[in-house]
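These notes are about the structure you will find just below.
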Amino acid sequence: MAVEGLAVLLAIALTFAGVFDCSSAYDRPPARRSLFVPLSDDLDSTSPQQVHISMVGEDKMRISWITDDPTPATVRYGTSAGAANGISANGSTSSYKYLLYKSGQLHNVVIGPLKPNTVYYYRCGLDSSPQFRFKTPPAQFPIKFAAIGDLGQTEWTRSTLQHISKSNYDVLLLPGDLSYADYLQQLWDSFGRLVEPLASQRPWMVTQGNHEVEKIPLLHSTPFTSYNARWPMPFEESGSNSNSYYSFEVAGVHITMLGSYTHFGVGSEQYEWLQSDLGKVNRTKTPWIVVLLHAPWYNSNTAHQGETESIDMKTAMEGLLYGSRVDVVFAGHVHAYERFTRVYKEQADDCGPVHITIGDGGNREGLASKYISPQPKISVFREASFGHGILEVVNATHAKWTWHRNQNDEAVASDAFWLQSLAANPACKE
């Protein structure tokens, strides 16, 4: 069925499901033109496309790609440009169906052990395929993270990605809402092609948002089908039983990814896993703890107020994060930027995490431009602009956060501050 016909079918189904809501609690300025990235004429049905990489443990990398026709799930890699003559690793191939859509061949191969801070060259599938390259993160400080949420695929998205590509980041963190495919699976393919130039060169570590759910009553009852198939993360390595929540460590930073749209109440599997995960952190080895989730726990924008994924998840889990002295919490969902002071239970607290909303990557829905007035005292900086953030962890005690506004297609540093690890704060030691 043509894309247009599928869109009509979905519109009817979603209308009955109550998904479409013409009301809005805030006005959004017009977004830029949406993008659709087609398959390049230079590629054939066996060529790797939508290539992206993600970390698996401290010294391995997962290489993920798609082909239209079956090809070997094999990666050849090495530290010289002749990757076809390097080490060979094999993996697995899968596919999925979503309504009338059938995906291409989804290949996943884990390679390693790898040396830190090293450039590797690799080929996916057939030896005749194009050569890619990536750089592994460093094993020690300093390390630089790029942070973006609610990315989508618009002209704003493209501008954001161009800015990030110039930042020389080591790892990208994305707290949900990747493609904004919203049931139209061809848009997942377009998104994979759009981000490939960056995502094939540095690890992208992501978690799910509401736009990844893609659950349709009566027609498709399983949530996260496309997301889980296309963006597998190292959940098993961290003792999780779900791709919706997991953790990993890199260069002295422990990063925990949570699922706002997976059961999170006290006693749930995610809650029990989080309690165990944070309890295992060695603050001597990893003095920093960073948490990512989609629906923000602190938010002074008029958008997305009163949602259970924010309020109830915060009620259930905030004590766990506070007790473990989490340093920073990144969220998306609200299409604007906001930074809070260190906070716990709605009050400024020197031993609580800094909460940062970074849901301004470039999505097609536009910006959430209205804020609650007056500005809460715990809200330090807020602005409805597209942009991205850079967290540069300099050493075991200090890190610098900078948020860059997309201003006339230029990345303008608009908010910056230094923070000290809570592990280095004697007043916060239990």
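In this chain, residues are counted from 1 in sequence order.
- In this structure, CD1 on I216 lies 8.0 Å from CD on E214, to the nearest 0.5 angstrom.
- Counting heavy atoms from C-beta outward, T157 and L194 have side chains that approach closer than 4.5 Å.
- The nearest pair of heavy atoms linking G265 to Y271 is O-CB, 3.2 Å.
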Query raised in the report: Passes side-chain contact (heavy atoms from CB on, under 4.5 Å), T79 versus T118? Steps please.
Result: CA-CA 8 Å; T79 54; T118 301; 4.0 Å; yes
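- A 6.0 Å sphere centred on NZ of K400 holds no more than 12 heavy atoms belonging to other residues, nucleotides or ligands.
- For the atom pair I53 CD1 and I63 CD1, the distance stands at 5.5 Å (nearest 0.5 Å).
- Of the charged side-chain nitrogens involved, at least one lies within less than 4.0 Å of a carboxylate oxygen, so that E383 and R405 count as a salt-bridged pair.
- Side chains of S92 and N108: a donor-acceptor N/O pair is absent below 3.5 angstrom, by distance only.
- Shown are S103, S179, S226; of these, the side chain to side chain donor-acceptor pair (under 3.5 Å) with Q185 is made only by S226.
- You'll find the side chain of N301 stays beyond 4.5 Å of the side chain of I372, heavy atoms only.
- Side-chain atoms of E318 come within 3.5 Å of backbone atoms of K345 as a donor-acceptor pair (strictly under, hydrogens ignored).
- For the pair D68/Q49, a side-chain contact is recorded, criterion being any heavy-atom separation below 4.5 Å from C-beta on.
- When ring centroids are compared, H355 and Y298 come within the 6.0 Å threshold.
- The closest side-chain donor-acceptor pair between W403 and D360 falls under 3.5 angstrom.
- Side-chain atoms of W188 do not come within 3.5 Å of backbone N or O of Y227 as any donor-acceptor pair.
- Results of the side-chain contact (heavy atoms from CB on, under 4.5 Å) test with H294 over M257, E309, H333, Q208 single out H333 as the only residue that passes.
- Residue A368 comes nearest to V334 through the heavy atom pair CB-CG1, 4.2 Å, listed as atom of the first residue, atom of the second, then distance.
- Side chain of S190 to backbone of L187: no donor-acceptor contact under 3.5 angstrom is found.
- Looking only at atom types and distance, the side chain of D349 has a donor-acceptor partner in the side chain of Y322 under 3.5 Å away.
- The cationic atom of R339 (NZ for Lys, CZ for Arg) lies less than 6.0 Å from the six-membered ring centre of F417 and within 45° of the ring axis.
- Counting heavy atoms from C-beta outward, T397 and F141 have side chains that stay 4.5 Å or more apart.
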**Report entry** Verdict with supporting geometry, S260 and M313, side-chain contact (heavy atoms from CB on, under 4.5 Å)
**Finding:** CA-CA 7 Å; S260 296; M313 191 179 195; 3.9 Å; yes
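- The two residues I358 and G389 make their nearest non-hydrogen contact at CD1-N, 3.9 Å.
- Scanning all heavy atoms of the two residues, the minimum distance from R193 to F36 falls at NH1-CZ, 4.4 Å.
- Looking only at atom types and distance, the side chain of E269 has a donor-acceptor partner in the side chain of N241 under 3.5 Å away.
- Atoms OG1 and CD1, on T71 and I66 in that order, are 11.0 Å from each other to the nearest 0.5 Å.
- Remark: the backbone N or O of G259 is paired with a side-chain donor or acceptor of Q270 at under 3.5 angstrom.
- Contact of the Y101 side chain with the D189 side chain is registered, since non-hydrogen atoms from C-beta on lie closer than 4.5 Å.
- With values rounded to the nearest 0.5 angstrom, R158 atom CZ is found 13.5 Å from N406 atom CG.
- Of all heavy-atom pairs spanning Y180 and H335, the tightest one is OH-NE2, 3.1 Å.
- Atom CD of E272 has more than 12 neighbouring heavy atoms from other residues, nucleotides or ligands inside a 6.0 Å radius.
- Applying the disulfide (SG to SG under 2.5 Å) test to pairs two or more places apart or on separate chains, none has a residue in residues 111-157.
- A side-chain donor-acceptor contact under 3.5 Å links R342 to the backbone of D327.
- A donor atom on one side chain and an acceptor atom on the other are found under 3.5 Å apart for H254 and T256.
- Crowding of D59 atom CG: a count of heavy atoms from other residues, nucleotides or ligands under 6.0 Å exceeding 12.
- Looking at N282, its side chain never comes within 3.5 Å of a backbone N or O of T286 through a donor-acceptor pair.
- Salt bridge K285/E58: present, at least one basic N to carboxylate O contact under 4.0 Å.
- Close placement of the W65 and H107 rings is indicated, their centers lying within 6.0 Å of each other.
- Under a 3.5 Å cut-off, the side chain of E338 and the backbone N or O of S300 do form a donor-acceptor pair.
- Between the CD atom in Q50 and the OG atom in S200 there is a gap of 12.0 Å [rounded to 0.5 Å].
- I148 has its side chain within reach of L151: a pair of non-hydrogen atoms, C-beta onward, lies under 4.5 Å apart.
- At a threshold of 4.0 Å, the pair R33-E155 counts as salt-bridged, since one of the basic side-chain nitrogens sits closer than that to a carboxylate oxygen.
- Looking only at atom types and distance, the side chain of D312 has no donor-acceptor partner in the side chain of T315 under 3.5 Å away.
- Using modelled atom types and a 3.5 Å distance limit, the side chains of N228 and N243 yield a donor-acceptor pair.
- No side-chain donor-acceptor contact under 3.5 Å links T302 to the backbone of Y371.
- Counting only distance, with no hydrogens or angles, the side chain of R283 and the backbone of S324 share a donor-acceptor pair below 3.5 Å.
- For the pair R123 and Y121, the cation-pi test (distance below 6.0 Å, angle within 45°) is failed.
- Residues Y169 and F145 have side chains not in contact (no heavy-atom distance under 4.5 Å, counting atoms from C-beta outward).
- Between D415 and R382, none of the side-chain N atoms (NZ, or NE/NH1/NH2) sits under 4.0 Å from a carboxylate O, so this pair counts as no salt bridge.
- Closest non-hydrogen pair, A399 versus L391, comes out as CB-CD1, 4.1 Å.
- Annotation: F134 is in aromatic contact with Y122 [ring centroid separation under 6.0 Å].
- The closest side-chain donor-acceptor pair between Q420 and H398, if any, does not fall under 3.5 angstrom.
- Considering only heavy atoms from C-beta on, F191 stays 4.5 Å or farther from R230 through its side chain.
- At distances below 3.5 Å, not a single donor-acceptor pair connects side-chain atoms of T357 with backbone N or O atoms of Y337.
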**Report entry** Check against ring-ring contact (aromatic ring centres under 6.0 Å, His included), F330 and W401
**Finding:** CA-CA 12 Å; F330 289 111; W401 167 256; 5.0 Å; yes
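- The CD atom of E392 sits 10.0 Å away from atom OG of S167, with the distance rounded to the nearest 0.5 Å.
- No cation-pi contact links K215 to Y183, judged by a cut-off of 6.0 Å to the six-membered ring centre and 45° from its axis.
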